[in-house]
Amino acid sequence: MSIFKDIYDIGKDVGEGASKKIEESRRKAELLTDPPPRVKENFMFREQLVEDLRRQIVAAEKTEDNKFLLSGFGGVGKTTVARALYHKLKDQCKQIGWVECRENGDLRASLLAAIDTGAQEQTDDNERFRQIKRLLRSATGETVLFLDNVDQPDPLLDQLTGYDITLVVTSRMERVEGYRSVPIPQLSENQCVKLFCDYCESPLSDQDAPVVWELVRLVSCHTLAVRLLAKGIPAGMGLAEYLDKLKTEGFKFPRLRFGTSHDRAERTVVGHLKKLFDLAKLDEEQTRVMQNLALMADSRTLPFEVREWIGCGENTLAALVRTGWLTQTGEGYEVHPLVREIVLLDPVPVEAVEQFLDFVTYKAYFQDGEDYRAVQFKLGIVEAVLKQVADRLEEKRNTAALYNSLGNVYDVQGEYARAEIYHKRALNILIKASGEDNLDTASIYNNLGIVYDEQGEYTQAEKCYWKALNIQRKILGENHPDTAGSYDELGAVYNHQGICVQAEVSHKKALAIRLKVLGEGHPDTANSYNNLGAVYYAQGKYVLAEECYQKALAIRLEVQGEDHLDTASSYDNLGSIYGKREEYTQAEKFFHKTLDIRLKVLGKDHPDTASSYNNLGFAYECQKKYDEAVELLLKAWKTRKQKLGSEHPETNRTKNNLRNCFPHIDHGDQDFDTWLNNQ
């Protein structure tokens with residue numbers, strides 16, 4: 001029996017025994033994404049609607065009619081209903097997820113930003129998205145996925161109807177093929193009056209009751225407008241005076257018959273709310289902050305760190321929360337989509353966001369060690385800002401630096417096409433402003449070469465590296481660390497193309513410069529020894545490779561210590577050398593050292609740790625220590641399957657190693673695939 005059906009049937013019982021059964025039947029759902037903020041029940045007045053929806057979802061669990069569209073015009077409270085429904089369901093299903101659709105309407109990008117596949121940083125978006133689709137396709141009917149704020153048609157909505165999961169979509173669209181439409185109605189006048197009183201911080205008397213009713217009717221019971229009216233009462237102003245002021249200013253919603261797809265009505269609502277925003281008369285700092293937050297709120301919740309990003313005090317944010325233009329949750333700050341539209345009706349001056357763009361370029365906006373979703377969320381914010389202001393950014397060095405910084409971030413994320421776009425933009429700005437022969441241009445050529453190299457476009461990469469090198473030699477001379485870095489990059493791209501002689505020449509030049517300028521004991525010198533060793537390894541010159549790897553290791557031990565990841569890499573390289581020579585006892589020794597460091601620094605679930613499990617397991621396999629080999633290879637396979645996906649080449653490599661060990665271990669009468677799936 002499914003968990004949904006189990007809870008639904010038990011819920012028909014009454015009394016203490018039934019409650020106990022319900023608690024026993026519940027199990028904590030596996031979260032596919034971060035959860036949305038909780039809803040304050042007394043602000044909803046839709047408890048019965050949420051409960052009815054929960055029952056409909058339960059009843060539809062094993063049917064084909066399990067795709068729901070919660071439709072309504074902007075500001076009616078669709079997200080509030082969906083959030084409350086999420087928190088009612090999260091203890092009653094196997095898996096649950098919440099995805100906020102970005103304002104650009106790209107549902108694919110929203111899924112990538114929200115769902116963590118555990119992939120390596122340099123797994124590109126196409127592979128990540130394939131992993132997400134495999135994850136959703138393999139999910140059962142006990143999985144619920146919420147897609148919030150999907151306000152335009154998207155082919156993915158149709159594709160997802162074929163998956164055996166329950167989908168709950170909130171949208172301003174009235175109908176979507178394949179989805180059961182559930183219109184979210186407006187609150188009644190009586191409910192809006194109660195809502196107004198809940199939001200209003202000023203004490204209200206019995207004499208204020210008729211005024212509250214008139215204010216509610218003034219905005220035709222529009223939920224968001226009621227909140228803004230209640231929170232926007234100027235300090236020291238009575239309610240009747242407030243009403244008169246609004247009337248004098250001509251603020252009044254016409255009696256619109258709101259419809260979910262009535263564009264005219266939507267525009268009218270935005271226009272009237274804009275008038276209310278103008279009446280709020282925010283000061284210069286509050287306006288700047290609202291402009292920043294509106295630009296950044298491509299996804300709904302902005303973290304508390306946003307205060308540092310845009311440089312504003314808590315008092316400013318508290319004032320905006322108090323007056324209703326901003327909402328504070330346990331996770332951060334939210335700008336309602338309609339409020340965002342209101343603020344962005346007037347173009348935001350570039351000067352208003354310069355502090356944020358400076359923070360992205362030069363400060364710790366992107367931090368080392370952040371996981372993929374955190375970086376993607378931040379990139380989404382930057383892209384949302386640039387979408388509004390990029391055409392007004394002056395072509396100056398700061399803009400080039402911003403684009404170069406973004407290119408580097410996309411490169412680390414494995415999004416090489418996006419990285420290439422931003423590095424090219426930066427390069428064009430710099431060449432136009434300062435010409436070809438400057439060190440900043442050389443740096444961007446080098447970054448662009450790395451992107452081409454990682455995409456396998458070696459000819460293009462080589463051209464970029466040569467341009468960087470020629471500029472550096474011209475300005476810095478031959479004997480400079482930056483020049484050595486370009487020689488090293490050239491050597492790597494030659495090695496990737498199998499041009500080992502050229503690779504060796506370039507790495508030797510880099511090494512000679514670093515020995516002369518930095519000395520024998522510098523980490524960059526160790527890198528040159530390591531790179532030269534890789535060339536010798538590719539040529540099958542294992543004695544020379546070992547010599548270089550040993551030198552790199554000695555420097556790293558001296559300068560970086562035993563527990564550094566570069567040291568672990570050196571141990572791993574040496575283990576591979578001994579493995580090639582079939583000296584498996586020595587290989588085992590070095591792979592053990594690598595594993596110990598990676599376990600200590602990275603933990604047992606990191607892909608690099610899995611690589612060490614695999615290498616050490618392979619060394620045991622070659623020595624016919626099959627039981628020890630299988631124990632380690634299983635750890636590697638499970639981690640790689642979780643982090644990289646079941647179809648990744650590294651996962652399959654470990655699987656093949658296990659297959660080779662399989663005939664030599666006790667597996668009963670199971671075939672290999674059955675045995676592996678039971679592990």
ask   = For Val339 and Leu224, what are the C-alpha separation, side-chain angles and deciding distance, and is it a side chain to side chain contact (heavy atoms under 4.5 Å, CB included)?
value = CA-CA 9 Å; Val339 172; Leu224 176 61; 4.2 Å; yes

inquiry  = Working note: Ile450 + Asp411, criterion side chain to side chain contact (heavy atoms under 4.5 Å, CB included); need CA distance, chi angles, decisive distance, verdict.
reply    = CA-CA 8 Å; Ile450 291 171; Asp411 179 27; 3.6 Å; yes

CA sep, side-chain torsions, deciding dist, call: Gln472, Ser486, side chain to side chain donor-acceptor pair (under 3.5 Å) = CA-CA 9 Å; Gln472 288 162 342; Ser486 288; 2.5 Å; yes

Ring pair (Phe, Tyr, Trp, His ring centres under 6.0 Å) assessment of Tyr416 paired with Tyr452 = CA-CA 8 Å; Tyr416 303 125; Tyr452 284 132; over 10 Å; no

query = Taking it one step at a time, do Phe146 and Leu85 satisfy side chain to side chain contact (heavy atoms under 4.5 Å, CB included)?
reply = CA-CA 10 Å; Phe146 286 78; Leu85 183 58; 4.0 Å; yes

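Annotation for Asn438 and Ile471: closest pair O-CG2, 3.6 Å, computed over non-hydrogen atoms. Across every non-hydrogen atom of Thr329 and Phe304, the tightest pair is O-CZ, 3.4 Å. Of all heavy-atom pairs spanning Arg598 and Ser612, the tightest one is NH1-OG, 2.9 Å. When all heavy atoms of Val360 and Ser405 are compared, the closest pair comes out as O-OG, 3.6 Å. Closest heavy-atom contact between Gly407 and Ala419: O-CB, 3.3 Å.
Applying the salt bridge (charged side-chain N to carboxylate O under 4.0 Å, His left out) rule to Lys604 yields no partners; only residues at least two apart in sequence or on another chain are considered. Residues that satisfy the side-chain contact (heavy atoms from CB on, under 4.5 Å) test with Arg425, not counting sequence neighbours, are Tyr403, Ile421, Tyr422. Scanning for side chain to side chain donor-acceptor pair (under 3.5 Å) contacts around Ser443 gives an empty result, with sequence neighbours left out. Annotation: side chain to side chain donor-acceptor pair (under 3.5 Å) contacts of Lys600 (sequence neighbours excluded): Asp563. Residues passing the side chain to side chain donor-acceptor pair (under 3.5 Å) test with Thr223: none are found, sequence neighbours excluded.
Atoms CG and OH, on Leu302 and Tyr333 in that order, are 10.5 Å from each other to the nearest 0.5 Å. A distance of 8.5 Å separates CZ in Arg108 from CD1 in Ile132, rounded to the nearest 0.5 Å. How far CG of Leu246 is from CD1 of Ile233: 9.5 Å, rounded to the nearest 0.5 Å. Rounded to the nearest 0.5 Å, atoms CG (Asn428) and NE2 (His423) are 13.0 Å apart. One distance of note links OG1 of Thr525 with CZ of Arg556; it measures 11.0 Å at 0.5 Å rounding.
A salt bridge links Glu383 to Arg418: one of the charged nitrogens lies within less than 4.0 Å of a carboxylate oxygen. Salt bridge Glu334/Arg83: present, at least one basic N to carboxylate O contact under 4.0 Å. Salt bridge present: Glu341 and Arg172 bring a charged side-chain N and a carboxylate O closer than 4.0 Å.
Inspection of the Asn447 and Asn404 side chains reveals an N or O donor paired with an N or O acceptor under 3.5 Å. Between the side chains of Asp566 and Gln560, at least one donor-acceptor pair of N or O atoms lies under 3.5 Å. Using modelled atom types and a 3.5 Å distance limit, the side chains of Tyr465 and Asp488 yield no donor-acceptor pair. Between the side chains of Asp358 and Thr361, no donor-acceptor pair is found at a separation under 3.5 Å. Thr170 and Asp148 share a side-chain donor-acceptor pair at under 3.5 Å.
Panel note: side chain Thr323, backbone Leu320; a donor-acceptor pair is recorded below 3.5 Å.
The side-chain hydrogen bond (donor to acceptor under 3.5 Å, both in side chains) analysis of residues 277-293, with sequence neighbours excluded, yields the pairs Lys274-Asp278, Glu285-Arg288.
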